[in-house]
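What follows is a set of notes on a single structure, which appears directly below.
The residues of the chain are indexed from 1 along the displayed sequence.
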Amino acid sequence: PAMLVNKIQAENNVQYDFVLIDLPPSFNSLVRSALYSSDYFVVPCTADLFSAYCVGLIGDMLPFFVRDWTQGRERYLQGNSFDQFVQSKGAPRFGGWIFNGFDTRKKVGEFKKTKLGADEAQFQSVKKAISENLIANLQAKIKGYDSVPDFASDTPIGQIEDLNVMAPDSIKQSVPIKYLSETKPTRENYSSGRWAKNQVKLMQDMDAEYDKMADYMITNFV
């Protein structure tokens, strides 16, 4: 991935400040290559039983990936000490995590929304796994560089609610959530031809959440 980005930059005469790589939830060769190429990685988690378990797997597997890279790099550089590209790779850092796909409700007489009981329980489970099974493992098992910078913690850098019909509509229309309220819903059962007020409010709230995450990355991922 890093070589591909370099080639695209050279061909288009541009210099990217940030490159985001969306990866599948697995440990295949593409994921490993992307991790080796990246300065930071962010872990998206959903309100289900598997997220906490998978967070622990990252904490277990990443130290092995780093060890494999370090050993391979040392052997390679014995005959290629001039290669500055390889020397600069293989040190991915935990940049934070995102909680998404949960539902909220606003109780009568209250102004602030809260997660549904089951989703809140899953949130706490993932938060605990981030602290105990991911951060703690990386700090204990990865030597040679700071794999968990000071700004990263078990507090999510963003919380994205379940966008229900809005996310599929955003994809179908090729319109970002930020501007989706300016379009008409494509679902046939929207007889009014416009989004409901609560849906527009959710779009606006999540747009602000996306901006907050972007600010976090711009500020810290340097």
Side-chain angles (χ1 to χ4, degrees), residues 1-25 27 29-45 51 54-55 57-59 61-70 72-74 76-77 80-100 126-127 129-160 176-178 205-222:
M3 296 176 69
L4 176 61
V5 170
N6 289 343
K7 184 175 180 62
I8 294 172
Q9 290 184 138
E11 289 184 352
N12 294 285
N13 193 29
V14 296
Q15 182 69 43
Y16 297 116
D17 296 315
F18 296 90
V19 176
L20 304 181
I21 306 174
D22 186 20
L23 297 169
F27 294 116
S29 57
L30 174 61
V31 172
R32 293 184 64 162
S33 180
L35 284 170
Y36 295 146
S37 298
S38 300
D39 298 312
Y40 298 95
F41 65 94
V42 175
V43 183
C45 299
S51 286
C54 292
V55 163
L57 286 181
I58 297 173
M61 297 301 297
L62 189 59
F64 287 107
F65 294 169
V66 173
R67 183 194 63 187
D68 289 347
W69 174 267
T70 301
R73 181 182 59 192
E74 290 177 354
Y76 171 77
L77 291 177
N80 302 274
S81 58
F82 60 87
D83 193 328
Q84 298 298 315
F85 178 81
V86 169
Q87 292 188 47
S88 67
K89 303 301 177 184
R93 293 170 170 80
F94 173 61
W97 68 288
I98 302 167
F99 192 61
N100 65 281
V126 175
K127 190 173 187 288
I130 291 287
S131 176
E132 298 179 0
N133 301 332
L134 178 57
I135 293 178
N137 275 354
L138 299 184
Q139 291 175 327
K141 296 179 181 179
I142 294 181
K143 309 300 180 181
Y145 74 95
D146 185 11
S147 59
V148 183
D150 292 339
F151 60 79
S153 71
D154 62 359
T155 300
I157 68 174
Q159 300 190 54
I160 306 298
I177 293 295
K178 185 180 187 72
D205 290 345
M206 293 305 98
D207 176 43
E209 197 71 10
Y210 291 136
D211 285 346
K212 186 183 79 171
M213 288 191 290
D215 288 340
Y216 174 94
M217 295 180 188
I218 292 170
T219 301
N220 294 302
F221 293 2
V222 295

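No donor-acceptor distance shorter than 3.5 angstrom exists from the side chain of N12 to the backbone of V14, with no hydrogens or angles considered. A side-chain donor-acceptor contact under 3.5 Å links S88 to the backbone of F85. Remark: side-chain polar atoms of S33 are not paired, donor with acceptor, to backbone N or O of S29 under 3.5 angstrom. Using a distance-only test at 3.5 Å, with no hydrogens or angles considered, a donor-acceptor pair links the side chain of Y216 to the main chain of G95.
Looking only at side-chain heavy atoms (C-beta outward), I157 and M217 come within less than 4.5 Å of each other. Y145 is listed as a side-chain neighbour of P92, based on a closest heavy-atom distance under 4.5 Å. Annotation: side chain of L62 is in contact with side chain of F41 (closest heavy-atom distance under 4.5 Å). Residues I98 and C45 fail the side-chain proximity criterion, which asks for heavy atoms closer than 4.5 Å. Contact annotation: the side chain of P149 approaches that of Y40 to within less than 4.5 Å [non-hydrogen atoms, C-beta and beyond]. A 4.5 Å side-chain heavy-atom check between N100 and Q159 finds every atom pair outside the cut-off. Contact annotation: the side chain of F18 approaches that of I218 to within less than 4.5 Å [non-hydrogen atoms, C-beta and beyond]. Counting only heavy atoms from C-beta outward, the side chains of W69 and V86 approach each other to under 4.5 Å.
Here the CD1-OG1 distance, from I142 to T70, works out to 9.0 Å after rounding to the nearest 0.5 Å. The line from OG of S37 to CG of L4 is 10.0 Å long, rounded to the nearest 0.5 Å. Going from atom CE of M3 over to atom NZ of K89 covers 10.5 Å, rounded to the nearest 0.5 Å. Between the CE atom of M61 and the CG atom of L57 there is a distance of 8.0 Å, given to the nearest 0.5 Å. One distance of note links CD of Q9 with CD of Q15; it measures 4.5 Å at 0.5 Å rounding. From D146, atom CG reaches atom CZ of F94 across 12.5 Å, with rounding to the nearest 0.5 Å.
Within a 6.0 Å sphere centred on CG of D150, other residues, nucleotides and ligands contribute 12 heavy atoms or fewer.
Of the residues V55, V126, L134, V42, the one that meets the side-chain contact (heavy atoms from CB on, under 4.5 Å) test with W97 is V126.
Ring geometry for F151 against F221 counts as tilted: the plane angle lies between 30° and 60°, on a 0 to 90° scale.
Pairing each heavy atom of Q87 with each of S81, the nearest pair is NE2-O, 3.0 Å. A pairwise comparison of heavy atoms in S153 and I135 identifies C-CD1, 3.7 Å as the closest pair. Between D154 and I130, the shortest heavy-atom distance links the atoms CA-CG2, 3.8 Å.
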I160 vs E209, side-chain contact (heavy atoms from CB on, under 4.5 Å): CA-CA, chis, key distance, verdict: CA-CA 7 Å; I160 306 298; E209 197 71 10; 3.6 Å; yes
